[in-house]
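Structure, as structure tokens:
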Amino acid sequence: MNVLVTGGAGYIGSHATQRLLRDGHTVVVVDSLLRGHREPVEMLRCGANGKRLIYAEADIANRPTIEMLLRAHRVQAVIHFAALASVGESVEHPLLYYRNNVSGMIALLDACDAAGVERVVFSSSCSVYGQPPEHQVPTPEDCPKAPMSPYGTTKLHGEHLLEQYAESCRARTRPFAFAALRYFNVAGADRSGMLGEDHDPETHLIPAVLGAALGRRKNVAIFGTDYPTPDGTCVRDYIHVEDLVDAHVVVLNALEPGEARTYNLGIGKGYSVREIIEAAACVTGRPFVVVERPRRPGDPPRLFADPQKINRELDWHASIVDLHATIESAYKWFRAHPKGYRS
């Protein structure tokens with residue numbers, strides 16, 4: 001299959017590109033490099049499957065370029081990762097997020113429509129749920145949608161765009177199919193050591209803790225220690241990035257003409273902030289400073305996935321569920337790349 005991967009030079013997108021190439025697909029990567037990195041794409045191009053990788057530095061909002069790529073490479077499906085994804089930044093710069101995440105997706109779908117692409121797998125987010133009621137944790141797909149940030153709202157708009165575009169295709173008897181995959185916290189790195197996580201600034205907990213353990217940060221902060229959880233800190237679901245991209249591939253292969261699927265992706269279990277810190281200390285064997293700070297607005301006490309729907313319908317289950325194994329894969333990459341992809 002010929003697959004376009006938007007945001008394919010980013011953390012998740014590069015891992016997905018690696019997996020698709022390994023499975024024998026031809027992959028067209030589109031990335032503006034606003035947040036992605038050229039280095040993982042170049043490394044993948046130099047690998048054994050690199051001849052099946054085409055890279056274009058372009059913005060998904062550039063509709064003529066995207067349509068040209070879709071037509072020139074006879075793309076049959078799109079996996080759409082390209083998005084800005086920081087909750088805090090989206091609050092400070094909402095127009096930036098609507099311009100990139102919503103307007104960009106409109107341009108992408110417009111190009112898909114013109115080029116006759118019939119399958120799209122969309123990288124959505126658990127942020128569409130906002131703060132689920134306690135009785136809906138773990139969170140199922142039918143939980144009410146109440147995003148609490150511009151980022152979450154743009155992801156929900158993305159799902160609505162797909163739903164309404166699919167309706168228009170049905171009216172035109174076009175066999176369009178899509179899936180929206182809502183995931184919670186993504187962690188870990190390619191266990192071969194080639195690919196990893198490189199954000200600036202880094203706001204994710206596991207990279208922050210490992211940065212402190214490696215002496216690259218002064219400390220790691222716990223935001224809130226008085227939540228109604230066993231140890232007072234927030235509880236979250238951490239899915240390994242390799243499992244995440246595996247789910248994307250499984251869903252892509254399962255999509256039939258005219259289908260619309262929505263799945264939560266996670267391990268179905270939550271770990272607290274303190275548990276993450278303790279596991280990182282165990283994996284690294286290094287001391288680091290932990291500071292306690294007040295709660296952040298909008299942080300729910302517990303938030304983790306109920307993945308039973310994808311378990312049941314596609315027989316997909318996360319395979320890397322040991323927290324230490326997830327952290328070890330990330331630690332391996334961070335040790336080998338002290339300056340990220342610039343190393």
Hey, are [Y] and [X] close enough side-chain-wise for a donor-acceptor pair under 3.5 Å?
{"X": "His240", "Y": "Thr326", "value": "no"}
{"X": "Glu159", "Y": "Ser124", "value": "yes"}
{"X": "Thr26", "Y": "His73", "value": "no"}

[X] (side chain) donor-acceptor with [Y] (main chain) under 3.5 angstrom:
{"X": "Asp198", "Y": "Tyr341", "value": "yes"}
{"X": "Asn264", "Y": "Pro307", "value": "no"}
{"X": "Gln76", "Y": "Asn2", "value": "yes"}
{"X": "Lys309", "Y": "Pro140", "value": "no"}
{"X": "Ser103", "Y": "Asn100", "value": "no"}
{"X": "Asp322", "Y": "His324", "value": "yes"}
{"X": "Ser14", "Y": "Ala9", "value": "no"}
{"X": "Asn101", "Y": "Ala83", "value": "no"}
{"X": "Asp190", "Y": "Leu195", "value": "yes"}
{"X": "Ser329", "Y": "Ala189", "value": "yes"}

For Arg22, is there an ion pair with Glu242 - N to carboxylate O distance below 4.0 angstrom? no
salt_bridge(Glu328, Arg335) N-O dist < 4.0 Å: yes
Name each donor-acceptor pair under 3.5 Å that joins a side chain in residues 43-50 to protein atoms two or more places apart or in another chain, with its distance.
residue	atom	partner	partner atom	Å
Asn49	OD1	Arg52	NH2	2.9

Closest non-hydrogen atom pair between Ala177 and Gly258, with its separation: CB-N, 3.9 Å
For a quick test of reading the model, state the closest non-hydrogen atom pair linking Val91 to Ser149 and the distance between them. CG2-CB, 4.5 Å
Tell me, with the steps shown, if Gln136 and Asp142 meet side chain to side chain contact (heavy atoms under 4.5 Å, CB included). CA-CA 9 Å; Gln136 288 197 296; Asp142 60 0; 4.1 Å; yes
Kindly compute the distance separating [atom1] ([X]) from [atom2] ([Y]), expressed to the nearest 0.5 Å.
{"X": "Glu39", "Y": "Met194", "atom1": "CD", "atom2": "CE", "answer": "13.0 Å"}
{"X": "Asp113", "Y": "Leu70", "atom1": "CG", "atom2": "CG", "answer": "11.0 Å"}
{"X": "Glu42", "Y": "His37", "atom1": "CD", "atom2": "NE2", "answer": "14.0 Å"}
{"X": "Leu33", "Y": "Tyr55", "atom1": "CG", "atom2": "OH", "answer": "3.5 Å"}
{"X": "Thr229", "Y": "Glu275", "atom1": "OG1", "atom2": "CD", "answer": "9.0 Å"}
{"X": "Phe223", "Y": "Thr225", "atom1": "CZ", "atom2": "OG1", "answer": "12.0 Å"}

Please tell me whether [X] and [Y] are part of a single hydrophobic cluster in this structure, the criterion being side-chain heavy atoms less than 4.5 Å apart.
{"X": "Leu265", "Y": "Val5", "result": "yes"}
{"X": "Tyr271", "Y": "Ile277", "result": "yes"}
{"X": "Leu244", "Y": "Tyr129", "result": "no"}
{"X": "Leu20", "Y": "Val121", "result": "yes"}
{"X": "Met105", "Y": "Tyr183", "result": "no"}

Could you tell me whether the side chain of [Y] reaches within less than 4.5 Å of the side chain of [X], counting heavy atoms only?
{"X": "Leu162", "Y": "Phe176", "result": "yes"}
{"X": "Asp246", "Y": "Trp316", "result": "yes"}
{"X": "Val120", "Y": "Leu108", "result": "no"}
{"X": "His204", "Y": "Asn185", "result": "no"}
{"X": "Arg236", "Y": "Ile276", "result": "no"}
{"X": "Gln18", "Y": "Val245", "result": "no"}
{"X": "Leu303", "Y": "Cys126", "result": "yes"}
{"X": "Thr153", "Y": "Tyr97", "result": "no"}

Pair Tyr11 and His15, ring centroids less than 6.0 Å apart: yes
Can you list the steps and then say if Glu89 with Arg35 is a salt bridge (charged side-chain N to carboxylate O under 4.0 Å, His left out)? CA-CA 13 Å; Glu89 183 184 51; Arg35 300 288 163 87; 2.8 Å; yes
Applying salt bridge (charged side-chain N to carboxylate O under 4.0 Å, His left out) to Arg71 and Glu67, what does each step give before you reach the verdict? CA-CA 6 Å; Arg71 290 184 183 277; Glu67 182 184 342; 2.8 Å; yes
In sequence, state the C-alpha distance, the side-chain angles, and the governing distance for Arg182 and Val128, and then conclude on side chain to side chain contact (heavy atoms under 4.5 Å, CB included). CA-CA 8 Å; Arg182 300 170 183 153; Val128 302; 3.8 Å; yes
Given Thr233 and Tyr227, is the side chain to side chain contact (heavy atoms under 4.5 Å, CB included) satisfied, shown in steps? CA-CA 6 Å; Thr233 65; Tyr227 285 97; 5.6 Å; no
Taking atom CZ of Arg342 as the centre, report whether more than 12 heavy atoms of other residues, nucleotides or ligands fall under 6.0 Å from it. no
Using the six-membered ring of Tyr151, assess whether NZ or CZ of Lys155 lies under 6.0 Å from its centre and within 45 degrees of the ring axis. no
Evaluate Arg174 against Glu118 for side chain to side chain contact (heavy atoms under 4.5 Å, CB included), listing each step before the verdict. CA-CA 8 Å; Arg174 295 187 62 171; Glu118 298 177 353; 6.0 Å; no
Salt bridge (charged side-chain N to carboxylate O under 4.0 Å, His left out) between Glu313 and Arg261: does it pass, once the steps are laid out? CA-CA 10 Å; Glu313 292 186 2; Arg261 295 174 179 256; 3.7 Å; yes
Parallel, tilted or perpendicular, judged at 30° and 60°: which one describes the rings of His337 and Trp333? parallel
Going by salt bridge (charged side-chain N to carboxylate O under 4.0 Å, His left out), name the pairs with one or both residues in residues 200-227, residues two or more places apart or in two chains. Asp226-Arg295
